[in-house]
Amino acid sequence: MAPRYLTPSANDGSVKVLQLTDCHLFADKNKDLLGVNTYKSFDAVLNAIKAQNFDYDFIAFTGDISQDYSVTSYEHFAKLISFLGKPVFFLPGNHDDGPLMYRIFEDLGVNIAKNVITPSWQFVFLNSEVYAVPHGWIERKQLDYAAFCQKRNPEQHMALLVHHMPMLVNSAWLDTQTMHNSDEFNTYIRRLHRVKAVITGHIHQEFDETVRDIRYIATPSTSIQFMPKSNDFALDNLAPGWRYLTFRPDGSIQTTVYRLENNIFIPNDNVDGY
Ligand SMILES: Nc1ncnc2c1ncn2[C@@H]1O[C@@H]2COP(=O)(O)O[C@H]2[C@H]1O
């Protein structure tokens, strides 16, 4: 798949990215996930982002676009996100049908390139999906693809984007469904030397930790939120959110999470999963 070369708009060469994740759309716009209408919450997030009027070069969507694997859910996604008028790149999550997405998204205006290259940074979109199970696994060929991208453009800092967090987040139930071969992932990417960040979805909460000079970042879902550090499945009443990241030419990253104000997307009480 051809890479996508992109010239950032900032004068200082910084690359600005909007990260969105885990919108869990259904074919039926009226359906909800544990009490939250995911179509409406995603639409509300997109409207709030538009109202902020911040500058960014592209949108990175880190998986779980669909909750029902349907073509219609992907059509809803493409239509809704086109409202922002920016290039969109994605990777599949555990609730997605990866092959279907790569087949239909280009015609729907969503980029299927897995490598976005700018003069100072490059972004590699990796697939950790194991079809229809919650945990992740990174195939060796995905890692080799990251190495190939680095070889093709060895000067750029690298950010890897992948659905599953390759580290534990101190939440027993979620920690059973991380990337199951995260040791292999982390060992491999450390050897690449250029990787500065791993950006994920899946954990439906804000997360930002640095281990051995690599920053591991996750972002709230645009739908339901998981309670941080909970041993058992538990939802949080925090609002749907999104994240802006600025990747500076010196290799540093500045980032901020935002959430909807006056949240009306409150999940049901006492649910024990989905
Ligand atoms: N009670 C539960 N215990 C363990 N896993 C769950 C539970 N409820 C849902 N899940 C799965 O855990 C996943 C976490 O994030 P996802 O949005 O990928 O989708 C969720 C479900 O597939």
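Note that ligands are numbered from 1 as they come in the structure, with each ligand's atoms numbered from 1 the same way. Because the structure is a prediction, the values reported are computed rather than measured.
- In this structure, the protein non-hydrogen atom closest to atom 18 (O) of ligand 1 is Asn94 ND2, 2.7 Å.
- Listed by atom number, the atoms of ligand 1 under 4.0 Å from Asp64 heavy atoms are 16 (P), 17 (O), 18 (O).
- On a distance-only criterion, His163 and ligand 1 share no N/O pair closer than 3.5 Å.
- The distance from ligand 1 to the heavy atoms of His24 drops below 4.0 Å at these ligand atoms: 17 (O).
- Qualifying side-chain contact (heavy atoms from CB on, under 4.5 Å) partners for Lys79, counting only residues two or more places apart in sequence or in other chains: none.
- With respect to atom 1 (N) of ligand 1, the closest heavy atom belonging to the protein is Asp272 O, 2.7 Å.
- For atom 11 (C) of ligand 1, the closest heavy atom belonging to the protein is Gln177 NE2, 3.7 Å.
- Proximity of a side-chain donor or acceptor of Asp250 to a complementary backbone N or O of Ser252 within less than 3.5 Å is detected.
- Side chains of Thr222 and Thr21 form no contact here, defined as non-hydrogen atoms less than 4.5 Å apart.
- For ligand 1, the polar-atom distance check finds no N/O of Asp22 at less than 3.5 Å from any of the ligand's N/O atoms.
- Under the 6.0 Å distance and 45° angle rule, Lys16 does not count as a cation-pi partner of Phe58.
- With respect to atom 4 (C) of ligand 1, the closest heavy atom belonging to the protein is Trp173 CE3, 3.5 Å.
- Under 4.0 Å from ligand 1, heavy atoms of Tyr274 appear from its side chain as well as its backbone.
- Ligand-side atoms of ligand 1 in range of His204: 17 (O), range being under 4.0 angstrom from any heavy atom.
- Judged as a side-chain contact (heavy atoms from CB on, under 4.5 Å), and not counting sequence neighbours, the contacts of Gln67 are His24, Phe26, Leu33, His95, Tyr274.
- Contact annotation: the side chain of Met179 never approaches that of Trp137 to less than 4.5 Å [non-hydrogen atoms, C-beta and beyond].
- Ring-plane geometry between Tyr244 and Tyr56 is classed as tilted, the angle between the planes lying from 30 to 60 degrees on a 0 to 90 degree scale.
- Distance alone, capped at 3.5 Å, is enough to place a donor-acceptor pair between the Gln225 side chain and the Ser221 backbone.
- For His95, a nitrogen or oxygen atom sits less than 3.5 Å from a nitrogen or oxygen atom of ligand 1, counting backbone and side chain alike.
- Taking a cut-off of under 4.0 Å to the non-hydrogen atoms of Phe226, the atoms of ligand 1 that pass are 14 (C), 15 (O).
- Numbered from 1 in the order shown, with element, the atoms of ligand 1 that lie under 4.0 Å from a heavy atom of Gly273 read 1 (N), 7 (C), 8 (N).
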